[in-house]
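Residue numbers begin at 1 in each chain, while the letters A, B, ... track the order of the sequences.
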Amino acid sequence: VNIFERKQEAKNPFYRVVELTEETEDPAVWGKNFPMQYDGYRRTVDQVRTRFGGSEAVPRTPTKADPRAVVAQSRLAEDPRLKRMWAGYAFSVDFREERGHAFMLQDQMFTERQHAAKQPGTCLHCHASMVVPYRRAGGGDLVKGFEKLNPLPYEEARKGVKHPVACIDCHDPQSMALRVTRPGFMEGMRVFKASQGIQNYDVNAMATRQEMRSYVCGQCHVEYYFKGPEKRLTYPWHLGLQVERITAYYDSVGHKDWTHAETGAPVLKAQHPEFEMWSQGIHARSGVACADCHMPYTRVGAMKISDHHVQSPLLNISRACQTCHRWPEEELKARAEANQERVHSMRNEAMDALLDLLDDLKSAKAAGDTLKAFREAQQFQRRAQFYLDFVEAENSSGFHAPQEALRILGQSIDLSRRGQLALRPMRAERGGR
Amino acid sequence: VNIFERKQEAKNPFYRVVELTEETEDPAVWGKNFPMQYDGYRRTVDQVRTRFGGSEAVPRTPTKADPRAVVAQSRLAEDPRLKRMWAGYAFSVDFREERGHAFMLQDQMFTERQHAAKQPGTCLHCHASMVVPYRRAGGGDLVKGFEKLNPLPYEEARKGVKHPVACIDCHDPQSMALRVTRPGFMEGMRVFKASQGIQNYDVNAMATRQEMRSYVCGQCHVEYYFKGPEKRLTYPWHLGLQVERITAYYDSVGHKDWTHAETGAPVLKAQHPEFEMWSQGIHARSGVACADCHMPYTRVGAMKISDHHVQSPLLNISRACQTCHRWPEEELKARAEANQERVHSMRNEAMDALLDLLDDLKSAKAAGDTLKAFREAQQFQRRAQFYLDFVEAENSSGFHAPQEALRILGQSIDLSRRGQLALRPMRAERGGR
Amino acid sequence: MSFAGWLIGGLVGATFGVAGFTFFYAKGASYLGHDAAACANCHVMQAQYDGWLQGSHRAVAACNDCHAPHALLPKLTVKAVNGFRHSLMFTTGWFPEPIRITRMNRGVTEAACRHCHEEIVEAIDAGTSISHRPAARAASPHETVPSAREPIACIRCHHGVGHVDFAPLGSFDQEASRG
Ligand SMILES: [Ca+2]
Ligand SMILES: [Ca+2]
C-alpha cells in the first residue's frame, strides 16, 4: 500500500507521442499515445463462451469466397426453429453468435447473407470505422457522406473502408472526449427526444458524460431498418423505445422486412435492440451505463483506465459487478444466469407457440380458409413474431431488463395463440356440428 | 439489513414492570414492559390506501349478524371477473382487500364466506392469538390442541379465543426471542426441508435469527388447504415452494378445492402465498426478511425498536427502504409501482384469457363436445386458474418477486389459450368442412 | 475532537497534501482513533463509526479526511455549518432517518477522494477538462464536440469505501445466534 511509488509512476498519464487529428484512422497510431487502451482494444479477438453469451471459436477451412479460418457457432444449428421463423429471409441462411469488435468487418463481408440477398452500403454504418470514409465521400461532411454511401452496392461502398470500429469513432482526437459519430443515432435520438417534447436534440452538445458512456454503444446496438430507395439507415424510435411503440411506428409507415415464405404474412425482423432493452431496465434507471459493465475500470500500475477489451461482463465479474454489488463472484454469476434462464425458458415457450401458429396458418392455407380470418391470423403472426424476435435478438438473453423481456414474451405467447384461435372457430360459431 | 442498528437495539434498556408467562395472553400486559412496541401494535387499526395495497376504510351500517361499522373495500366490486373465476366457491360471495392485524379476528368471524359455507375451527390458526387456546385444548400440548380444534365447527372452536395475533404468538415471554408457534408452519417447513434432503427440520431449534424475522410471518402468509376429514391445516410444500411444485403436489394427492360452477372443472384456490413468492425474489435471495420492510427499525427517542405497526412499506419508505437503497422516496415508490404495474397489466391479460376459456368450455358443454377434448380443457383450466390466482392472491401485486410473477402469468396465459385450442380442432383435424 | 486537532489536520492537508498523507499514515492509529471517536461521541453517528471501523479506509482516513475540505478556510466553514447543524439537530432530534449526507457534504467527500487519489484516477477524467475544448472545436468543424463534461462521481461505484455498506451492496448479516 505505498501510494508514493504509485504517484511517481503516475505522473502525467498521457505521453502525447504523436499528434492525433480527424485524419488519424489507424488505431495503432492512437495506441502510441494510449498503449493500455490499445492493448485492451486488440484483445477483442478473444473468443470465450459463457452460459448464454460470449462466443465459441469454430474452425473452418478457408475458401476463396470466405477466407475466415475461425467463425462463431451457428445459432441456426443451435435452434433450427429459427429457420422457420425467418423462412424466406436471409437470416434463415446464416445467423451466428456475435463475437468481439475485431471481427465486425470480416463477419459482415463474409456472412452468407451477402449472397442470399444484395446488401447496400448502409450496412457499413455499424461494422467499420466510418468517420474518415463518410467525411471523404461527403467532401468533409459526415452526414452527406453517409447519404452518399447508403444506396451504393455493399462491395462498392466498402472500397476505402479499412478498420473495424476504431478510436476515432468514439473519441475526439484532441480532447479524447466521447462523441457520437453515427448519423443513424443522431437522428434516432432527435426523433425520440422529440416524441418526449424535446425539440432539436443534439446528442453531442446536450448529453451528459454518463449518458455518453451508453450513447457511444447505442450508435450500433439498436433495432433499425432501411428507409426507402435511398436505403437510409433509420432507428424506429419516433413513438418511443418500447416494443409496442416501435411496432406502432412500423405499422404507421406500413413497413415490412419481408414476406414470410410459409404464410405470406408481412413480417418484421428485430435486430440487437440492446440499447432499447437496457433503457427499460433497473440498471439504466439507476444510471448504470454500458461502459460501466462492458468497459469497467481496470488498474494498470498506478493508473486506472477503462478496459477497452469490450466483452461479456460475466467474464470479468470482479470489475464489472463487484464494485457495486458486494456479493461473491459465483453468486453474481448465478444471479445473472437465473435472470437469463427465466427469460430463456419463456423464450422457448413463445417459440413453440409461434411455430404452432405457423402450422395452423399453413394448414388453413391448404384448406383455403376464409380470407378475413386468415388475414387476421397473419397480423397476429407479424406482431407475435416481432415481439419474440425482440427478446431473441437482444443479446443479453434478457439480463438488461428481465422484467421487460418477460412481459414482452408473455404478450408474444398470447398473440400467437390468439392467431391460432382466429383460425379455429368454436363449433357454435361454425354453426352446429 | 443493518447489523449495527441491531447491536444498538440490543443495548436498549428493558424494564420488567410485570412478569410475563406462557399464560399472559393479553398484549396490554406485555405492553407494560414494552410500551413502544405495544403502541405500534395498536396502530394496525389504521387504514390507508396505496396504489395497489394498504386498505380503504368503507363505512357500513352494523347489523346484528355483522356488527362491523367499517370494512375494507370489496375486491369483487373492483374486478367482477373474479366472481366467474371463483364461480361456485365461497370467495365469489365476499372477498375484500385485507387490512391491519387488529381486524383479523372480526374480519374472519363476519365475512359472508362464513354463511356461504360451513367453516372449520382450522380457520383460527391464522386469525387469532392461539397459543393459550391451543395449549388449553391440548392439555398443555400445542399440537394436540391444534388437532382438537381443527375439526370443530368454527363457532364452537372460537369459544375462548380472545385476541388477534398477539405478542405471545411471536415471542418467548421470558427471553422475548422470536419463536414459531404455529403447527401448520412447523410441519410445512419440515416437509419442505425434507424435499431438500434435510430431515426432521425443527424451525425453532434450527432457524437463524434473520430467518426467524421472516418465519414468524410465514406462519400465516402462505398457501394452504384443509387435509381430510380431520380438516388438518396443511401447507403444500412437499415438493417445493414454486407454483409448479405446489400444483404437482395437489395433483399427486388428487386434491381439489371445489368444482367450478360454470365448467365442472376440479379447481384450486390460491391464498396469500406471500412467503412462497417472496422466497423466489431477489430480496429473499439477498437475505432481506419480511420484518426488514414491514417492521423496520425506527428511532423512539434515543432507542431503535422494530416498528410493530405492521403495514405497507410504501407508507414508510424512508425506514423500510432507504436503509438499503440510496434513492429519494419518490423514486423508490415509483420503482415499486413500476414493478407492480407490469405485473398488474399482465395479470389482467391472464384474466381475460381465462374468461375466454370459461366461455369456450360453456359453449362446448352446450354443444356436447367429445368428452376427451373437454376433460383436457378442464385440466388446462385447473392449472391456468391456479397459476393466475397464485399471483392475484399474492398481496404485494408482484413486488415480492416481479420476475417470478411475470413468468407464472405468462404460463397461465399459455395454459388458458391451449385449453381453448383443445376445444377447437383445425378443419383438417375435423376432416374437411 | 479539539479545535487544535482540526487545525493540524487542516494545515497538513492544506499545505502539503502528500506529506499530509504520511502524517496520517504514520501516526494513523492514534490520530484517526481520536478524530473518529470525537464524531462517534454522538450515538447517532455510531452506525457510521462502526461502518468506518470495518471499512477499507479505517487505517488511512478518518472522518474529517472525507467530511472536511482539504483546505483550511473552507474546512473551518464547513465544520462551523455542520457543527451547528449537528448539535442543533441532535438536541432537537429534528432530523430525518436514516441519516443521509447532504449535497454540500457529498461534494466535500467527492473532493476528498480526488485529493488522495488524484493520480490514479487522472486517466479516467481524460476528455473532461475544459482546457482541451477550444482546440477540439477548431479541429472538427463538422461535429459539435461535447461541452466540458462533468467528472464522474466516485461513490457511484465506490460508495462503500467510507463505511461498510450493507445490502444492496453488502453481504447480509447471517447471525447464527437467536434471541
Ligand atoms: Ca456473443
Ligand atoms: Ca391490504
Review point. Where does A:Leu409 contact chain B at under 4.5 Å (heavy atoms): side chain, backbone, both or neither?
Key: neither
Exercise for review: Name the region of A:Ala405, side chain, backbone, both or neither, that has any atom closer than 4.5 Å to a heavy atom of chain B.
Suggested key: neither
Point to revise | A:Arg285 portion near chain B, given a 4.5 angstrom heavy-atom threshold | key: both
Practice item. Can you tell which part of A:Asp356 gets under 4.5 Å to a heavy atom of chain B, answering side chain, backbone, both or neither? Key: neither
Exercise for review: Would you name the heavy atoms of A:Met426 and B:Ser363 that are closest together and state the gap between them?
Suggested key: CE-OG, 3.2 Å
Practice item. Between chain B and each of A:Pro402, A:Ser412, A:Ser345, count heavy-atom pairs under 4.5 Å; write down the option with the most. Key: A:Pro402
Review point. Side chains of B:Ser286 and A:Arg335: does their closest heavy-atom pair fall under 4.5 Å?
Key: yes
Check your understanding: Going from CG on B:Asn339 to CD on A:Gln403, what distance comes out if it is rounded to the nearest 0.5 angstrom?
Key -> 4.0 Å
Check your understanding: When you measure from the side chain of A:Arg417 to the backbone N and O of B:Arg417, does any donor-acceptor pair fall under 3.5 Å?
Key -> no
Study note, to complete from the structure: Scored by heavy-atom pairs under 4.5 Å with chain B, the best of A:Arg407, A:Arg342, A:Glu349 is A:Arg342
Practice item. Answer with side chain, backbone, both or neither: which region of B:Ala338 has an atom nearer than 4.5 Å to a non-hydrogen atom of chain A? Key: side chain
**Study point:** Engaged part of A:Ser416 at the chain B interface, taking heavy atoms whose separation is under 4.5 Å
**Key:** neither
Review point. With chain A, which of B:Asp360, B:Ile413, B:Ile282 has the greatest number of heavy-atom pairs at distances under 4.5 Å?
Key: B:Asp360
Check your understanding: Taking everything shown except A:Arg245 itself, do over 12 heavy atoms lie less than 6.0 Å from its CZ?
Key -> no
**Study point:** More than 12 heavy atoms of other groups within 6.0 Å of B:Lys333 NZ
**Key:** no
Review point. Rounded to the nearest 0.5 Å, what separation is found between the CG atom of B:Leu421 and the CG atom of A:Leu423?
Key: 10.0 Å
Study note, to complete from the structure: Bottom line for A:Gln420: the part with an atom under 4.5 Å from chain B's heavy atoms is both
